[in-house]
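Notes follow once the structure below has been shown.
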Amino acid sequence: MNQDIARQMRPAFAWALIGVVFMFAAPHVLALFTIINLTTAIALAVLALSLALIWGHGGILCFGQVAFFGLGAYVYTLAGINFGGSTWAVLTAVALTSLFAAALGYFIFYGRVSDVYLGVITLTVTLILFSLIRRTSGPEYKIGKALLGGFNGVSSPPLNLPWDTRSFLFPEQVFYVAMAALILCYLFAAWLMNTRFGRVCAAIRENEVRAELLGYDARAYKLGIFTIGAGIAAVGGVLFANGVGRVTPDVFSLFNAALTIIWVIVGGRGTLIGPIGATFALFYLTSALGGQSVLNNNLVLGVILIVFVLLVPRGVAPTIADWVRARRGGAAPDRVRRRRRTPEDKA
Amino acid sequence: MDLVVAIGLQLLYGIANLALISLGLAIIFGMMRVINLAHGEFLMLGGYTVVVSTNAGVNIWVAMLILAPLVVGIIGVVVERLLIRWLYGRMVDTLLATWGLSLLLIGVITSIFGASTASTISPPLGVVRIGQYAISGYELFLIAVTALLLGAVWLTLRFTQLGLLARGTMQNAQMASALGVSTNRIYMITFGLGAAVTGLAGGLLAPITGVLPTIGATYIAKAFITVISGGASILAGTAAGSVLLGGINGIFTFLSGPTFGEVALLLTAIVLLRLMPRGITGRFFRKSL
């Protein structure tokens with residue numbers, strides 16, 4: 001079984017290797033400003049990865065993945081200010097966010113809410129967090145020593161070495177941490193997809209009734225992968241707070257929620273590397289668009305989303321993979337062949 | 001006594017407000033099983049129609065009650081023809097496509113009118129005094145309009161030919177189609193009507209809230225929760241959802257300020273969905289419209 005997983009994960013290791021090379025090469029080639037920007041993009045890529053895992057792989061249409069991302073960032077920041085160090089703050093952020101997701105997921109999955117409602121509910125949670133935190137600008141809204149700051153947000157304490165609160169990391173070192181976190185999260189997600197747990201999740205995505213008739217409790221598996229996804233999103237949030245240096249209610253905005261969905265749609269549902277690549281590509285596209293005023297950011301992203309839903313519903317990565325395979329003469333790799341065997345009766 | 005009346009009217013206004021912003025969404029969702037994520041932007045377009053035309057010299061009542069629903073209704077029909085009809089039966093894709101539409105509309109309006117508040121208009125009608133308390137006459141007017149609107153939708157669904165065809169299509173689209181009803185046209189009209197009602201709501205709220213390209217986001221959370229908690233039947237669902245959530249929101253706002261009103265509303269809805277996954281009308285009033 002373990003050898004089987006190792007074989008399945010070969011492409012993932014190849015991508016991870018490329019990531020490691022990039023991680024050590026980039027700081028020597030790129031300017032510090034670019035590196036700091038890249039850290040933010042990496043944080044967003046972790047967010048995209050978490051949605052790719054639970055939507056693309058688990059089939060859970062979560063429109064509010066930014067809620068977990070933003071909660072992670074906020075909990076990290078508030079805990080960091082209160083604890084005076086980042087080690088426990090990071091752990092608290094991931095744990096509390098997962099706990100929140102588990103509680104929310106319990107109501108959703110055990111209520112057997114359908115997938116479309118699920119999307120709307122998670123989106124609503126995000127929007128209400130947005131308007132809740134925006135209103136916390138008064139001095140009475142504080143958690144421990146940290147003021148919530150309302151619309152202006154809170155500035156985040158930098159990461160420090162584990163259990164050594166005086167050695168803060170420099171931006172370049174934060175980049176290494178972020179890149180390492182992305183690679184580890186990616187490998188973790190790829191491994192999870194190939195474990196027994198991941199396979200049951202895929203079975204539930206393909207046909208929930210059949211999986212339940214085979215004796216699997218779909219609710220528990222969905223709750224499990226949902227919670228894990230939220231934990232990964234929280235890791236992204238922690239990195240984001242470090243990359244940007246402060247966290248504002250804007251992380252919960254409708255625009256960011258839409259952006260996360262767009263990364264996964266454009267990259268391709270069902271792959272993990274596609275959404276990560278799409279995140280980097282669109283991050284630079286939106287940065288470039290921010291520098292001019294002819295085309296509005298919302299407008300461009302709206303068009304991208306509509307075009308992909310109508311014309312390229314599978315996303316870029318699977319489309320490219322198909323094209324490459326067709327040119328090679330149809331030697332389909334194992335993973336795809338197995339997917340074709342499953343009935344498409346849900347579509 | 002005066003206090004009770006004043007608080008009662010505030011509560012009623014909260015409920016009417018929820019019903020007003022949700023009705024268009026409920027019509028489209030109930031009839032077509034399409035959750036329109038651009039709902040907030042339809043409200044926003046209604047608001048812009050009123051502000052722009054009033055500033056151009058149109059009477060404010062004409063702008064609110066005629067122009068706003070007309071303009072947004074036409075936009076709705078165009079959207080249905082160009083975008084939604086390709087995606088019937090694919091709920092997830094419709095959600096995503098309407099989300100794209102929502103971003104697109106925000107982008108277009110921002111490009112035309114700028115990102116900040118367009119010049120606002122003040123609510124017509126003065127203040128009504130109840131003893132020592134003052135209540136905005138416009139809020140009372142909105143309560144009345146909401147009641148009339150719900151009544152009009154009920155009459156349309158219950159007693160007109162269009163309503164009959166629409167209800168038939170809603171119950172069994174294939175059977176309706178086999179009996180010679182052009183379901184395609186029914187869907188187009190329904191979407192247009194839902195958009196028109198939404199535009200009217202957006203227009204009516206514009207004097208109170210002002211307009212911004214991104215104002216839709218402040219409405220949609222509440223509208224979605226109301227419709228989902230209400231369930232599939234259009235009128236009973238909207239009414240039940242609005243009364244329950246509007247009541248809870250009002251009580252919590254009264255007790256602890258507006259910050260936690262929305263949170264209480266959300267928590268109620270989530271617990272409610274654990275108990276009744278298909279909304280209130282999935283369990284009670286199932287035969288209602």
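In this structure, chain B has heavy atoms under 4.5 Å from both the backbone and the side chain of Tyr106(A). For Leu95(B), the part sitting under 4.5 Å from any heavy atom of chain A is the side chain, from C-beta outward, and nothing else. Both the backbone and the side chain of Leu132(A) come within less than 4.5 Å of a heavy atom of chain B. Only the side chain of Leu87(B) comes within less than 4.5 Å of a heavy atom in chain A; its backbone stays farther off. Looking at Val125(A), both its backbone and its side chain come within 4.5 Å of chain B, counting heavy atoms on both sides. Contacts of Leu301(A) with chain B are made by both backbone and side-chain atoms, with heavy-atom separations under 4.5 Å. Neither the backbone nor the side chain of Ile108(A) comes within less than 4.5 Å of any heavy atom of chain B. Contact annotation for Ile270(B): both backbone and side-chain heavy atoms come within less than 4.5 Å of a heavy atom of chain A. Using a 4.5 Å cut-off between heavy atoms, Phe130(A) does not touch chain B at all.
With respect to chain A, the highest number of heavy-atom pairs below 4.5 Å among Leu265(B), Val92(B), Leu105(B) belongs to Val92(B). Taking Ile304(A), Thr124(A), Ile261(A) one by one and counting their heavy-atom pairs under 4.5 Å with chain B, the maximum is reached by Thr124(A). The candidate with the highest count of non-hydrogen atom pairs below 4.5 Å against chain A, out of Ala269(B), Gly216(B), Ala221(B), Ala217(B), is Ala221(B). Counting heavy-atom pairs closer than 4.5 Å to chain B, the top-ranked of the candidates Thr136(A), Asn298(A), Leu310(A) is Asn298(A).
Sorted by first and then second residue, the pairs that involve residues 102-113 of chain A and meet salt bridge (Lys or Arg N to Asp or Glu O under 4.0 Å), not counting sequence neighbours, are Arg112(A)-Glu208(A), Arg112(A)-Glu212(A).
Shown are Leu254(A), Ile262(A), Leu299(A), Ile306(A); of these, the side chain to side chain contact (heavy atoms under 4.5 Å, CB included) with Leu103(B) is made only by Ile262(A).
Contact check for Ile128(A) versus Ile225(B): side-chain heavy atoms found under the 4.5 Å cut-off. Under the 4.5 Å side-chain criterion, counting only non-hydrogen atoms from C-beta, Leu123(A) is in contact with Leu37(B).
Residue-level contacts of residues 15-30 of chain B with chain A, in order of numbering, are Phe29(B); threshold 4.5 Å between heavy atoms.
Here Leu127(A) contributes atom CG and Ile220(B) contributes atom CD1; the two are 5.0 Å apart, rounded to the nearest 0.5 Å.
The two atoms that bring Phe107(A) and Arg274(B) nearest to each other are CD2-CB, 3.4 Å, heavy atoms only.
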